[in-house]
Amino acid sequence: VREEPVSQALSRRTLLAKVIQGLGVTLALSQVIPRAQAEEGDVSRSEADRLIVLVARPLDAETPVQEFASYLTPNSRFFVRSHFGPPPAELLSELNWRLRVGGLVDRPLTFSLKELKQFQEVTLTAVVQCSGNGRASHRPKTPGVQWDRGAVGNARWTGIRLRDVLTKAGLQTTSRHVQFQGADRPVAVTVPLFVRSIPVEKALHPDTILAYQMNGRPLPLLHGAPVRVITPGWMADSCIKWLTDITVSRDEAQGYYMQTAYRYPTRPVMPGEAIAASDLKPVEAMIVKSLIAQPQDGASLVPGPVTVQGVAWTGEGKVVKVELSVDAGRTWEPARFIGEDQPYAWRQWQYIWQATGSGPRTILCRATDAQGDTQPESSSWNPSGFLWNGWDRISVTVKA
Amino acid sequence: MRIVRYAIVSSVILGLIGWAVMSVAQEEDLLATSAALAPRAEGLILARCSVCHSPDLIYQQRLPKDRWDATVKKMMQWGAEITNDEANLLIRYLSARYHPGARESVPPLDRDLGKVEPLRQEPPAEDLLTGVASRGEASYANNCQACHGTDATGGHGPKLAKNPILKHEDLFWDTVLHGRGPMPAWGSVLSHQDIADIYAWLSTR
């Protein structure tokens, strides 16, 4: 028989198309994350597959929440947010990379990585979270990467205090803001640079560091090699990657990424409403939030005890309570904290739920911090979809 | 005071309902609009928007027209090489296809590249054209640099300076015109003269 049955030929063609499609995606991905894989050895191809890619270029990828069953988020599974993507690795090599400190200082300074490491080394564990984490939950939808739940992670950061560097340079009395710039550059020169600043008080805080290690390994390229800023308790938009320039100034950084983007209304606003610039302030501290890591959304469970576990964190304070509800928020039961309790890190929690009967169930969770702030059912809408901290929720099915 | 608050709350709720509920006729109208505009709009997205970011960033948005308008205009300010007419076409297309009421996964477009309307049309040249390196530098910067790096030293895509493919001009043309692996086909974007110019410039690197 020479002629193939039509259906078989078709299905072969479909299969071939799928294979080619898959190949295209794999190729595209391996092109997107090449240097980190090849030179840092931190993101292997199979591990990168465990991130959920939202934008292939420049790479924006989030962590599947089941990874948050572990206290520390592994480097290879840590979410990646790129404005322009990593700079060429040559620029960041020991030979070429320099950190310049200038502006309102008595002594402008330049450091190699080796010189920077002469300052006292500190290590701290801190949550790093994208301001847009959870943006996909805002209604109406807001523009930007549609992050779901995983643009956050908890890592151990090792580096030196920014305060020590600034003290060595000598802050002048008019210093109010410390501006950061990284080595990453946009494709077109007409695109504004990613320049951000933090108030001098936060810059001089002993826990604000210039990190060169992440979870005990040299900072991977995708996470800002060789040095990034870590502002514990604050959103990741001040944690500048591939840091090359620190400029002390009297004013906030100018330009799009400080004056327009990453700003949040100081009063409740309606969709479509015009907001005066004076009613917008930079996104800074994180707010209280929690996630359910296990069981996974959509899981099928058998009746009986089910271990529900997850993480909770807040800004510069402390999480004091995590509660769960299986009746749409009418009643709440406290979860039990487990594991380590460190400032700026998240807390792990656990709750044993007695699953009974059969059918779909929704598990809700909410945290409260020491300031008394509790996660709301839904966060206030804001034009850029920042700071989502509505109750976390998963749907499961109980099957007898 | 209370009445005012109720009035505000109820008008917001009504507004949200109006925003979320869309009649079947409206939805069909939007589908027809986006289908008709798709060939040109998708060509622009591939050629102009993808220089800086992959199109997936666009496809995950669900925005009303005024926010699409603001976004496209911001991109023009930031250097997206589109004319005002092209911007208007994009805004019309994006707000018809990726509007707030659109489903999470919108129906797929016919992605056959052959159906993407060429941005420039000209008969294929009989012989390979003579390129002008100085012009090629500008065309390279506008179209290739995003992936292949400044001075063709590589980036997300391979380094092109001294790349062996430059020794095989026919293979170079084939790759640019029809794409290869993750690289899209540029046949509908670059003119033959552009390609010849880029080739000439790359040969000097």
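Each chain gets a letter, A, B and so on, in the order its sequence line appears, and its residues count up from 1. The basis for the numbers below is simple: all heavy atoms, side chains too, and nothing from hydrogens, waters or symmetry mates.
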Contacting region of Glu104(B) [heavy-atom separation from chain A under 4.5 Å]: side chain
Rounded distance (nearest 0.5 Å) linking atom OG1 of Thr142(A) with atom CD of Gln61(B): 8.0 Å
NE2-NE2 distance between His53(B) and His83(A), expressed to the nearest 0.5 angstrom: 13.5 Å
More than 12 heavy atoms of other groups within 6.0 Å of Arg205(B) CZ: yes
Heavy-atom neighbours of Arg267(A) CZ exceed 12 at 6.0 Å: yes
Residue part contacting chain A, namely of Leu57(B), when any heavy atom lies under 4.5 Å: both
Side chain to side chain, Cys147(B) and Arg57(A), heavy atoms closer than 4.5 Å: yes
Top of Cys52(B), Ser50(B), Ser54(B) for chain A proximity - count of heavy-atom pairs under 4.5 angstrom: Ser54(B)
Spacing of Thr190(A) atom OG1 and Met75(B) atom CE [to the nearest 0.5 Å]: 11.0 Å
Rounded distance [0.5 Å steps], CZ in Arg67(B) versus NZ in Lys141(A): 13.5 Å
Check: Gln60(B) main-chain N/O paired with Gln146(A) side-chain donor or acceptor under 3.5 Å: no
Chain B contact via Pro186(A) - which portion, at a heavy-atom distance below 4.5 Å: neither
Part of Thr153(B) within contact of chain A (heavy atom distance under 4.5 Å): neither
Pick from Gly272(A), Gly85(A), Gly144(A), Ala188(A) with the largest number of heavy-atom pairs that fall under 4.5 Å of chain B: Gly144(A)
Plane angle bin for Tyr257(A) and Trp78(B) - parallel if under 30°, tilted between 30 and 60°, otherwise perpendicular: tilted
